[in-house]
Each structure stands twice: as structure tokens, then as C-alpha cells.
Amino acid sequence: MANFAIVLDPDTQRRSRFAAAICPEIAPVEGLLVNQRHQGALSVVWAAAPNAPVDIDQDGSGLAMVWGEAIAPDSARRQTAASLRTAWQTRPENLFDGFYAAFTYEHQSGLTVDGDVLGFFPLYYWRGPDVVVICSSPELLRYHPDFTPRLCVDGLIGILLMRGIADSRCLWQGVTRLGAGDWLTVLPDLQVTTRQQYRIPCNQADIEAAGYQNLALKEQLEALTVTVDRAIARHAPAADQQGLMLSGGLDSRMLAGFLHQQQATPQLLTFGRRDDLEVLCARSVAQTTGWSHLQVNPDQISAKAELSLTQRCLDAADQLTRWDHLAGGGGSFAGLNWSEMAASIPIAPRMVTGLAMDRAICGTHVSPPTFEGALAYEYNRGGLSPAQLRQLFVKDDWLQGKITGVIDQLHQDYLSDSDVEAQRAWLMSLYHGNRFALGMA
């Protein structure tokens with residue numbers, strides 16, 4: 001949606017040099033508009049599509065921006081940058097739904113940065129001796145004169161094990177990914193603090209308070225249906241012009257059913273070859289709903305169609321590693337050509353997808369649910385087991401201790417997420433793997 005860097009630095013010349021250095025580099029794909037704003041000791045540079053949802057509010061005392069859509073609880077009302085400045089002045093417990101990243105900066109109180117509560121939008125931060133940078137990709141830090149890229153062994157171990165970031169540590173030392181549901185604040189003296197404002201309520205007390213465990217299966221399904229229906233109505237109001245990424249799979253077909261029930265009329269977009277099973281399923285949905293359906297063979301529109309499959313994979317891997325630093329492992333590899341395909345296709349300004357629905361609704365399938373089982377569930381889907389990691393790394397006590405330390409920290413996170421074993425396994429998958437690959441896609 002957007003690639004950006006926010007730098008808070010009282011050194012005007014250094015801040016300006018950093019902004020000038022990243023401007024030519026910040027657009028990872030063609031067709032994005034590069035912009036920048038400055039306010040006191042803060043500068044922000046970003047690249048986004050011309051029709052991307054970006055909102056700005058700036059006056060003599062401060063600056064605020066929203067990339068994406070921050071949705072008010074229990075409504076479809078989108079927050080503006082101005083409304084966020086008002087809401088965050090006293091740091092109330094304002095939780096917003098939607099997929100977004102946002103910040104407010106006031107000369108007197110400093111900087112506040114926030115993202116969607118499930119942590120899909122990538123937010124990284126680094127603090128130097130007298131500078132703080134928050135960015136959507138660690139790669140942008142390479143251009144700051146005071147930053148020296150050094151490998152973070154813990155981050156590498158976590159990515160190899162979990163196929164995604166473990167314990168918020170990425171591949172570079174000193175660079176941290178903001179946790180799901182966390183605030184980040186930077187005071188005028190550049191003191192950085194993070195605070196957890198939301199976690200999925202999955203403790204036994206939360207479950208008992210909700211009362212669903214006492215319902216019959218049919219009643220639970222009805223409650224889930226109402227909840228999903230309300231969420232879709234908030235995120236994709238029927239009156240809005242929108243498209244539906246209809247792969248033809250279970251999640252996108254279910255989304256189509258809810259949207260049809262709400263009398264929405266999205267334009268359908270399906271990538272695939274005409275005889276693919278899921279394309280046939282998508283075509284059936286279009287015939288049933290009567291909605292406009294655009295079917296696209298990605299091999300025919302790719303700007304790199306003339307290249308060999310090997311070269312196209314190498315190019316995609318280069319983009320993945322450069323901008324995502326393997327935060328989502330290889331899980332987002334297949335989605336990297338969406339940007340160039342979308343640029344070639346006339347489609348609605350907002351796209352609805354079912355990317356997160358399988359994990360959010362179906363959970364995980366760890367039996368019996370234990371830490372060892374949950375960990376194996378992750379590394380067996382493309383990671384390396386602890387035993388394989390120990391063979392891969394040299395037989396050095398320090399390195400072997402690092403592997404033990406990462407696993408111990410994951411175990412602590414697992415225990416603290418919930419006091420219900422089955423919920424722990426689900427949250428481990430959601431918070432340590434699933435969100436990173438989805439955020440990149």
C-alpha cells in the first residue's frame with residue numbers, strides 16, 4: 001500500500017540528507033508517487049499509488065498521517081489524520097479496526113505511531129545516538145549515515161525456524177518490528193517506549209465471559225456468521241465502489257456470499273488459467289451473482305513474461321529479500337507479481353480479499369496442542385527444525401546458546417498469550433508467522 005520512512009532528528013542537515021537519499025529508492029515498484037513532508041524535527045518520505053488511501057493533517061503545531069483505513073469500532077467510519085490527532089492527544093484507549101499505519105507528531109508531546117491491531121502492516125523502528133527512524137521496510141535504514149547494517153543472529157535463527165520474525169527481531173541488529181497491537185511513542189528528548197494496547201482476548205476468563213462455550217454448535221455457527229457479516233459490512237460497505245479478489249478458493253467464495261447477501265456489487269478479479277479448478281469455481285460465483293468478472297492469465301500480462309521462469313523467480317526473490325528482509329519467510333513469494341498485474345488492470349479503487357480469513361476463523365490444527373506441537377506446526381511448513389538448525393550452525397557454544405535462547409523466548413511468549421492450551425497454539429501461529437507473510441502480500 002505504501003513504503004515510508006519517518007525520521008525524528010534535531011540535526012536538520014542530517015535529516016535532509018537522509019530524506020534526499022531515500023527519495024530515489026523508496027518506490028519498490030513502478031508507478032508510485034513519492035512525496036515528503038517536514039515538521040520541526042520530523043521528516044516523512046513515502047511512496048504510494050496515486051489512488052492509495054493516504055490522509056494528511058498539518059498545521060503550525062504538528063503533523064499527522066494515515067496510510068490505509070483506520071476504522072472506528074462498531075461502525076464503518078474511517079478515521080482522518082485530523083481525527084487521530086484529536087483522539088491521541090490524551091493517549092486514550094482508542095482501538096481502530098482496518099489495515100493501516102498512522103502517526104501523529106506534536107512539537108510539545110512528540111511522536112506516536114500505531115498500526116492495525118493484528119500487526120499486518122510492517123512497522124520497524126531503530127534508535128541511534130540522537131535519532132529515531134520508523135519505517136515500513138528495514139532496507140530504508142541503509143541510507144541513514146549513522147546506521148551500520150550488522151547481522152542479528154537471533155533474528156536469523158527465528159526466521160529460519162518460524163518462517164517469520166520471532167520476538168520482533170529482524171535480520172539487522174538494533175532494528176525491531178513493532179508488536180501486533182502495540183503503540184510506539186517517541187518523546188521530544190527521543191526516548192522511545194512501546195506499550196501494548198490490544199491482544200486477542202483468549203484467556204479462560206474471556207471465553208467464559210463471552211459465553212459461547214455453552215452454546216450448541218449450530219448456535220456458535222450462527223454467532224460466528226453474524227460477527228463475520230458485521231465485520232465485512234464495516235470494512236466493505238455495500239454502497240462503496242470496490243473489487244473482490246476472487247481466487248475461487250473457499251475464503252474468497254465465502255466473502256462473495258456475504259457481499260451478495262449485503263447487496264454489494266463488486267467487480268470480480270481472478271488470476272489464473274481458464275482451465276484451473278479455482279478459476280472454474282470463480283466463474284460459477286460470477287454466474288450466480290451476476291457480477292462483472294475479469295479473468296486474467298498472469299503469464300500474458302506480466303512485464304517480465306519474456307524472461308525464463310528461473311529469472312523471474314530470481315527477480316522476485318531479490319525484491320522479497322531486499323524490501324521484506326524475509327520477515328515473512330518465503331510465504332509471500334507467490335504474491336510479489338500482484339503489483340505489476342494490478343497496474344495493468346482497470347479495477348475498483350479498493351480491493352477486498354480473504355487473505356486472513358482461514359487463520360482467523362479456522363485457527364490451527366495442532367493435536368495435541370503443546371508448545372512442542374505448535375513449534376513443529378510452524379517449522380514443518382517450510383522452516384527448519386531445532387535439530388536441523390543445530391546441524392546447520394557451527395558447533396560453537398555461543399551460537400548453540402543463541403538457538404536455545406530463541407526457542408526459550410518463543411516458549412515464554414506461548415505461555416503468556418493465553419492460559420488455554422489450544423488458544424496458545426493458535427496465537428503462536430498468528431502472531432509469529434501468519435501475519436508477516438500476509439502483511440507483505
Side-chain angles (χ1 to χ4, degrees), residues 3-12 14-15 17-19 22 37-46 61-67 84-85 87-96 100-117 119 121-150 152 154-155 158 165-199 325 327 409 413 431 436 439:
N3 200 24
F4 63 83
I6 307 162
V7 54
L8 192 55
D9 185 354
D11 187 326
T12 303
R14 183 174 57 191
R15 191 175 69 250
R17 288 199 306 271
F18 177 55
I22 63 175
R37 287 289 180 103
H38 307 276
Q39 183 78 34
L42 181 140
S43 294
V44 55
V45 182
W46 74 95
S61 64
L63 168 66
M65 286 190 64
V66 182
W67 295 278
L84 283 183
R85 286 183 70 183
W88 288 356
Q89 277 181 354
T90 57
R91 303 290 192 272
E93 295 297 327
N94 282 303
L95 295 174
F96 299 114
Y100 74 95
F103 77 87
T104 63
Y105 173 67
E106 307 293 338
H107 294 294
Q108 299 299 320
S109 57
L111 174 68
T112 298
V113 182
D114 182 34
D116 60 279
V117 293
F121 206 117
L123 289 168
Y124 297 88
Y125 60 96
W126 165 73
R127 191 191 190 289
D130 52 359
V131 61
V132 177
V133 179
I134 300 99
C135 48
S136 54
S137 168
E139 182 66 17
L140 294 171
L141 292 168
R142 186 189 296 275
Y143 300 95
H144 195 280
D146 288 1
F147 180 77
T148 301
R150 294 188 179 92
C152 175
D154 302 76
I165 292 175
D167 194 33
S168 300
R169 300 178 185 178
C170 69
L171 287 176
W172 281 345
Q173 290 181 25
V175 182
T176 305
R177 173 123 172 194
L178 188 64
D182 287 359
W183 290 85
L184 183 144
T185 58
V186 186
L187 298 179
D189 63 0
L190 300 184
Q191 178 184 345
V192 177
T193 60
T194 60
R195 181 170 64 88
Q196 188 177 100
Q197 62 169 343
Y198 177 79
R199 295 293 278 184
H325 281 215
Q409 183 60 55
D413 293 343
Y431 282 136
F436 300 118

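All of these numbers come straight from a predicted model, not from anything done at the bench.
Pairing each heavy atom of H38 with each of S43, the nearest pair is ND1-OG, 2.7 Å. Between A327 and F436, the closest heavy-atom pair is O-CB, 3.2 Å. Closest non-hydrogen pair, G158 versus A166, comes out as CA-CB, 3.8 Å. Nearest heavy atom pair, residue I134 against residue V132, reads CD1-CG1, 3.8 Å. Heavy-atom minimum distance, C170 versus C152: O-CB, 3.4 Å. Shown here for P10 and R15, the closest heavy-atom pair between the two residues is C-NH1, 4.2 Å.
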(request) Evaluate side chain to side chain contact (heavy atoms under 4.5 Å, CB included) for S61 paired with R85, printing each intermediate quantity in order. (result) CA-CA 11 Å; S61 64; R85 286 183 70 183; 3.3 Å; yes
(request) Give the intermediate values and the outcome of side chain to side chain contact (heavy atoms under 4.5 Å, CB included) for residues N3 and L140. (result) CA-CA 9 Å; N3 200 24; L140 294 171; 4.0 Å; yes
(message) Could you walk me through whether D130 and D11 satisfy the side chain to side chain contact (heavy atoms under 4.5 Å, CB included) test, starting with their C-alpha distance in whole Å, then the side-chain angles of each, then the deciding distance to 0.1 Å, before giving a yes or no?
(response) CA-CA 9 Å; D130 52 359; D11 187 326; 5.9 Å; no
(request) Quick one: do M65 and Y105 satisfy side chain to side chain contact (heavy atoms under 4.5 Å, CB included)? Show the steps, please. (result) CA-CA 9 Å; M65 286 190 64; Y105 173 67; over 6 Å; no
(message) Before you tell me yes or no, could you show the steps for D114 and Q197 under side-chain hydrogen bond (donor to acceptor under 3.5 Å, both in side chains), namely the whole-Å CA-CA distance, both residues' side-chain angles and the distance that decides it to 0.1 Å?
(response) CA-CA 10 Å; D114 182 34; Q197 62 169 343; 2.9 Å; yes
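Separation of atoms CG (L171) and NE2 (H325) is listed at 7.0 Å; rounding is to 0.5 Å. Separating the CD atom in E106 from the CG atom in L42 is a distance of 11.0 Å, to the nearest 0.5 Å. Separating the CZ atom in R177 from the CG atom in D167 is a distance of 13.5 Å, to the nearest 0.5 Å. Distance CZ/R195 to CG/L184: 11.5 Å, rounded to 0.5 Å. If you take CG on L111 and OG1 on T104, they are separated by 7.0 Å, rounding to the nearest 0.5 Å. Interatomic distance, R142 CZ to C135 SG, rounded to the nearest 0.5 Å: 12.0 Å.
Looking only at side-chain heavy atoms (C-beta outward), V133 and L141 come within less than 4.5 Å of each other. Side-chain contact between L123 and F4 is present, with heavy atoms from C-beta onward closer than 4.5 Å. For the pair F103 and V44, the minimum side-chain heavy-atom distance is below 4.5 Å. Taking the side chain as every heavy atom from C-beta outward, W126 and H144 approach each other to under 4.5 Å. Inter-residue side-chain proximity for R14 and D146 is flagged as met; some heavy-atom pair is nearer than 4.5 Å.
If you look at W67 and F121, their ring centroids are not closer than 6.0 Å.
Using a 30° and 60° split on the angle between ring planes, W172 and F147 fall in the tilted class, from 30° to 60°.
Defined by atom type and a distance below 3.5 Å, a donor-acceptor pair is present between the side-chain atoms of T193 and T185.
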